[in-house]
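First the structure, in the form of structure tokens, and then the observations on it.
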Amino acid sequence: MAPALALVGVGRRYTQGEGHIEVLRNADFVIEHGQSVALVAPSGSGKSTLLHLAGLLEHPDDGEVYIDGRATSKLSDAERTRIRRLHVGFVYQFHHLLGEFTALENVALPQMIRGLSKKEANARAGDLLSYLGLGHRLTHRPAELSGGEQQRVAIARALANAPRLLLADEPTGNLDPRTSAHVFGALTELVHATGVAALIATHNLDLAAQMDRRVTLRDGAIVELA
Ligand code: ADP
Ligand code: MG
């Protein structure tokens with residue numbers, strides 16, 4: 001089976017002032033199906049860039065990004081969007097939930113966009129939220145939830161369409177340590193229960209230790225940590 005994600009010879013540069021900065025250089029990286037990987041690297045080293053490339057939100061300057069064995073660089077924007085919708089789930093540092101909708105609706109909507117009936121979507125949304133300990137918060141709007149609860153809804157939303165690849169960009173970065181550990185625990189449990197491949201950027205080494213693998217960014221390359 002083709003890996004969930006593969007980067008081959010990927011380069012990414014940005015122009016900054018007079019010169020340019022090379023964030024990724026000839027980077028190779030593979031995540032197998034069902035594997036969870038922590039991305040642990042300092043601020044400014046390219047974690048978000050790597051996640052955006054993996055999620056087809058940005059184009060590499062060199063090399064190729066494969067999702068599920070499929071080369072993506074020559075696909076149309078519509079086709080990239082389709083792959084992203086069907087196969088990739090995102091969790092950001094800030095939840096980006098829709099404020100006017102309830103927790104249940106926030107998790108059901110992506111499934112309805114994909115074609116499920118409201119009844120089916122609500123059933124799965126309820127299951128996911130209950131699994132994350134939010135069964136008693138289904139009809140709350142984001143503003144009526146704590147930071148940790150909001151982030152758990154965002155995790156449920158990212159997994160709502162049963163993606164093959166979950167990408168999380170410092171998902172607990174704005175939470176206090178205790179809430180962060182709780183949310184990360186729920187995320188880890190769900191990743192293992194669903195068998196989704198996951199790439200999770202985090203600064204927290206204790207949390208990273210719960211993943212199958214740990215990688216960092218060094219001189220533009222993706223390097224395996226012990
Ligand atoms: P991290 O997520 O690890 O903090 P980023 O991927 O956001 O790192 O950024 C890596 C480097 O690339 C930083 O030096 C940042 O300033 C630069 N960078 C990121 N996006 C852009 C952009 N759109 N234009 C110019 N420079 C950028
Ligand atoms: Mg970042």
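What you see is a predicted model; the values in this text were computed from it and never measured. Indexing begins at 1, ligand by ligand and atom by atom, following the structure's order. All residue numbers refer to positions in the sequence shown, counting from 1.
The Mg ion (ligand 2) has Ser48 among its coordinating residues (N/O/S atom, backbone or side chain, under 2.8 Å).
If you check which protein heavy atom lies closest to atom 7 (O) of ligand 1, you get Ser48 CB, 3.7 Å. Residue, atom and distance of the protein heavy atom nearest to atom 23 (N) of ligand 1 are Tyr14 CE2, 3.7 Å. The protein heavy-atom contact nearest to atom 14 (O) of ligand 1 is Ile21 CD1, 3.3 Å. Counting only heavy atoms of the protein, atom 16 (O) of ligand 1 lies nearest to Gln16 NE2, 3.1 Å. In this structure, atom 12 (O) of ligand 1 lies nearest to the protein heavy atom Val23 CG2, 3.3 Å.
No side-chain N or O of Ser76 forms a donor-acceptor pair with one of Glu79 less than 3.5 Å apart. For the residue pair Asp127 and Ser130, no side-chain donor N or O sits within less than 3.5 Å of a side-chain acceptor on the partner.
Below 4.0 Å from some heavy atom of Ser43 lie the following atoms of ligand 1, by number and element: 4 (O). Residue contact check: Pro42 has heavy atoms under 4.0 Å from atoms 3 (O) of ligand 1.
Salt-bridge formation is not detected for the pair Arg141/Glu100: no Lys NZ or Arg NE/NH1/NH2 atom is positioned less than 4.0 Å from an Asp or Glu carboxylate oxygen. The pair Asp62-Arg13 meets the salt-bridge criterion, with a side-chain N (NZ, NE, NH1 or NH2) lying under 4.0 Å from an Asp/Glu carboxylate O.
Contact annotation for Ala201 and ligand 1: no heavy atom of the residue comes within less than 4.0 Å of the ligand.
Considering both main-chain and side-chain atoms, Gly46 comes within under 3.5 Å of ligand 1 through a nitrogen or oxygen pair. Of the N or O atoms in Gly44, one or more lie within a sub-3.5 Å distance of an N or O in ligand 1. Remark: ligand 1 and Thr49 share an N or O pair separated by less than 3.5 Å (distance only, no angle test).
By the 30° and 60° cut-offs, the orientation of the rings of His96 relative to Tyr92 is perpendicular.
Put simply, the side chain of Arg124 gets close to the backbone of Ala160: a donor and an acceptor are under 3.5 Å apart. For His33 (side chain) and Ala2 (main-chain N/O), a donor-acceptor pair under 3.5 Å exists by modelled atom type.
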